[in-house]
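Single-structure report; data block below.
The shown structure was predicted, so the numbers you read here are calculated from the model rather than taken from an experiment. Throughout, protein chains are lettered first and strands after them, A, B, ... in sequence-line order, and every chain is numbered starting at 1.
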Amino acid sequence: MPELPEVETVRRGLAPVLEGARIVRADIRRANLRWPFPPNMAARLQGARVIALRRRSKYLLGDLDTGESLLIHLGMSGRILIATAGAAHVPPGKHDHVVLDLMGGARITYNDPRRFGAMDLMPTEAAPTHRLLAGLGPEPLGNGLNTPYLADKLAGRRTSIKAALLDQRIIAGLGNIYVCEALYRAGIAPQRAAGSLSAAEVDTLVPLIRRVLDEAISAGGSSLRDYRQADGNLGYFQHAFRVYGREGEACVTPGCAGIIQRIVQSGRSTFYCPRCQS
DNA sequence: CTTACGGCCTGTACGC
DNA sequence: TGCGTACAGGCCGTAA
């Protein structure tokens, strides 16, 4: 589930439940996800009130009134399930690794079959220098991403533009899907060397990255209600993808007779239209 | 320094 | 029905 729009969608769904709420019980059901949980995690969460739920790149940060922040990453397969106050609480399932009970009766469950996700605790003021956050590039929806910045970062790079946009040190939060979608909209072939983009192409690309993410967040918002209905099965916006997962299908650009291709770049699938993108 | 790749885990879809 | 293979939205450590 997790690229930036999905994480932001989770944040927006979770914030009304979590912000202002006190954690009355933390059930840590295994010792680790991708890495070991921090020492005494349950005790450090129990009794804490959540002041704010923020997002940085694909990470969620819950600021607690204890002075610490809870960092959550969803990895490839992480989900957060919300059972609102009054809902019947079913026993935790196989991949329910962390369960937080809130004062008032709501329950937050972190579920992650592949366990590529992560959780950690740190002093709130130390969050920006946390090892997972320190090296991240600017937020793509913030002012830090602009044409001069991106042009500078891409200059001289021989790696593909696809790989460069996936590099979290250049832009934080883009993943495989939205890189494919943004390059398609910009008409830029994913195999192009990052440093070969013209200033005009970078100037085209930057607002399209933002637009794809904005549209995805808007679409994600519409499925929030389903998300809260507990079983976590989200359709999300596959229907909005123009190239991702569409290998062999006709290009949706009017008048284009192209067929969407799938290639593998640095071990990841790339989808693109060989006629529209050059 | 940049770039490429293996590995982490489990689940699912598909071909035989 | 069962088995093997490929693949999946991320990211780190290592090596060249």
Side-chain angles (χ1 to χ4, degrees), chain A residues 1-11 29-37 55-60 71-80 93-97 110-120 130-137 140 152-184 190-196 209 212-213 215-217 219-220 223 227 231-248 261-271:
Chain A
M1 138 161 8
E3 291 186 38
L4 187 153
E6 288 71 34
V7 176
E8 177 62 19
T9 297
V10 169
R11 192 196 67 77
R29 303 177 51 73
R30 55 176 298 123
N32 65 296
L33 289 170
R34 181 167 181 177
W35 297 288
F37 288 133
R55 179 189 59 74
R56 171 74 171 108
S57 185
K58 302 169 193 174
Y59 297 88
L60 292 170
L71 177 144
I72 302 173
H73 194 271
L74 299 173
M76 295 269 270
S77 56
R79 299 169 186 275
I80 291 180
K94 186 178 176 187
H95 302 301
D96 292 342
H97 306 308
Y110 180 95
N111 174 285
D112 185 4
R114 290 176 72 183
R115 306 204 304 270
F116 284 1
M119 284 195 201
D120 203 1
H130 188 277
R131 68 181 184 91
L132 295 172
L133 305 182
L136 293 173
D152 177 65
K153 286 295 180 183
L154 299 181
R157 290 238 177 188
R158 299 223 289 256
T159 193
S160 67
I161 183 62
K162 163 83 186 308
L165 294 179
L166 278 176
D167 186 338
Q168 302 298 296
R169 296 167 298 188
I170 297 179
I171 303 175
L174 290 183
N176 204 34
I177 291 176
Y178 295 106
V179 167
C180 290
E181 295 293 321
L183 286 173
Y184 170 76
Q191 313 85 326
R192 291 265 306 279
S196 76
I209 290 170
V212 168
L213 296 176
E215 288 178 8
I217 290 170
S223 54
Y227 194 72
D231 70 347
N233 271 329
L234 271 209
Y236 271 78
F237 22 38
Q238 300 91 308
H239 56 277
F241 299 159
R242 297 186 189 174
V243 287
Y244 190 84
R246 291 183 175 272
E247 181 182 18
Q261 307 291 310
R262 184 180 82 94
I263 59 174
V264 175
Q265 293 182 284
S266 39
R268 317 281 310 270
S269 288
T270 300
F271 298 87

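As a whole-Å value, the separation of A:K162 NZ from B:dT3 P is 15 Å. Rounding to whole angstrom units, CZ of residue A:F271 and P of C:dC7 are separated by 10 Å. The separation between A:R157 atom CZ and B:dA4 atom P is 11 Å, rounded to whole Å. As a whole-Å value, the separation of A:D96 CG from B:dG11 P is 13 Å. Between A:Q265 atom CD and B:dA4 atom P there is a gap of 10 Å when expressed in whole angstrom units. Straight-line distance from the CG atom of A:L133 to the P atom of C:dG10: 17 Å, rounded to whole Å. Distance, A:M119 CE to C:dC11 P: 16 Å, rounded to whole Å. What separates NZ of A:K153 from P of B:dT3 is a distance of 12 Å, to the nearest Å.
Rounded to whole Å, the separation between the C1' atoms of C:dG9 and B:dT3 comes to 23 Å. Look at the P atom in both C:dT14 and B:dC9: the space between them is 16 Å, to the nearest Å. Across C:dC7 and B:dC5, the matching P atoms stand 15 Å from one another, rounded to whole Å.
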- Start with the C-alpha distance between A:D167 and A:K153, add both sets of side-chain angles, then the distance that settles side chain to side chain contact (heavy atoms under 4.5 Å, CB included), and finish with yes or no. CA-CA 11 Å; A:D167 186 338; A:K153 286 295 180 183; over 6 Å; no
- Message: If you apply the rule side chain to side chain contact (heavy atoms under 4.5 Å, CB included), what do you find for A:M119 with A:H97, and how did you get there?
- Response: CA-CA 11 Å; A:M119 284 195 201; A:H97 306 308; over 6 Å; no
- Message: Apply side chain to side chain contact (heavy atoms under 4.5 Å, CB included) to residues A:D120 and A:H130 and explain how you reach the verdict.
- Response: CA-CA 10 Å; A:D120 203 1; A:H130 188 277; 2.8 Å; yes
- Can you list the steps and then say if A:R242 with A:C180 is a side chain to side chain contact (heavy atoms under 4.5 Å, CB included)? CA-CA 9 Å; A:R242 297 186 189 174; A:C180 290; over 6 Å; no
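For A:K94 and A:N111, the side-chain atoms include no donor-acceptor pair closer than 3.5 Å.
Looking at heavy-atom distances under 4.0 Å, A:R34 makes contact with a base. Looking at heavy-atom distances under 4.0 Å, A:R131 makes no contact with the nucleic acid at all.
Listed nucleotides: C:dG10, B:dG11, B:dC9. Nearest to the side chain of A:P2: C:dG10. With B:dT10, C:dG10, C:dA8 as the choices, the nucleotide that has an atom nearest any side-chain atom of A:R262 turns out to be C:dA8.
Nucleotide C:dC12: paired with B:dG6 (Watson-Crick or G-U wobble, both distances less than 3.5 Å).
At B:dG11, one or more side-chain N or O atoms of A:H95 fall inside 4.0 Å of OP1 or OP2 (strictly under the cut-off). Put simply, A:Y244 has a side-chain N or O that comes within less than 4.0 Å of OP1 or OP2 on C:dG9. Under 4.0 angstrom from either OP1 or OP2 of C:dG10 there lies at least one side-chain N or O belonging to A:R268. Here A:S266 does not reach the OP1 or OP2 of B:dT3: none of its side-chain N or O atoms lies under 4.0 Å away. Between A:K58 and C:dC11, a side-chain N or O to OP1/OP2 separation shorter than 4.0 Å is present. In terms of phosphate contacts, A:H73 brings a side-chain nitrogen or oxygen within less than 4.0 Å of OP1 or OP2 of C:dC11.
In this structure, A:F241 and A:Y178 have perpendicular ring planes: the angle between them is above 60°, well past the 30° mark. Ring pair A:Y244/A:F271 is perpendicular by interplanar angle, where above 60° counts as perpendicular and below 30° as parallel.
For the pair A:F116 and B:dC8, the ring geometry qualifies as stacking, because the centroid separation is below 5.5 Å while the planes lie within an angle under 30°.
Counting heavy atoms from C-beta outward, A:V179 and A:T270 have side chains that stay 4.5 Å or more apart. Between A:L74 and A:I80 the shortest side-chain heavy-atom distance falls below 4.5 Å.
Two residues, A:S269 and A:L132, neighbour DNA chain C, and the one matched to the more 5' nucleotide by heavy-atom proximity is A:S269. Residues A:G267 and A:S57 both approach DNA chain C. Their nearest nucleotides, taken by heavy-atom distance, put A:G267 toward the 5′ side.
Heavy-atom distances under 4.0 Å link DNA chain C to A:Q168, A:G175, A:N176, A:I177 of residues 165-177 of chain A, given in residue order.
A donor-acceptor contact under 3.5 Å links the side chain of A:R114 to the base of B:dC9.
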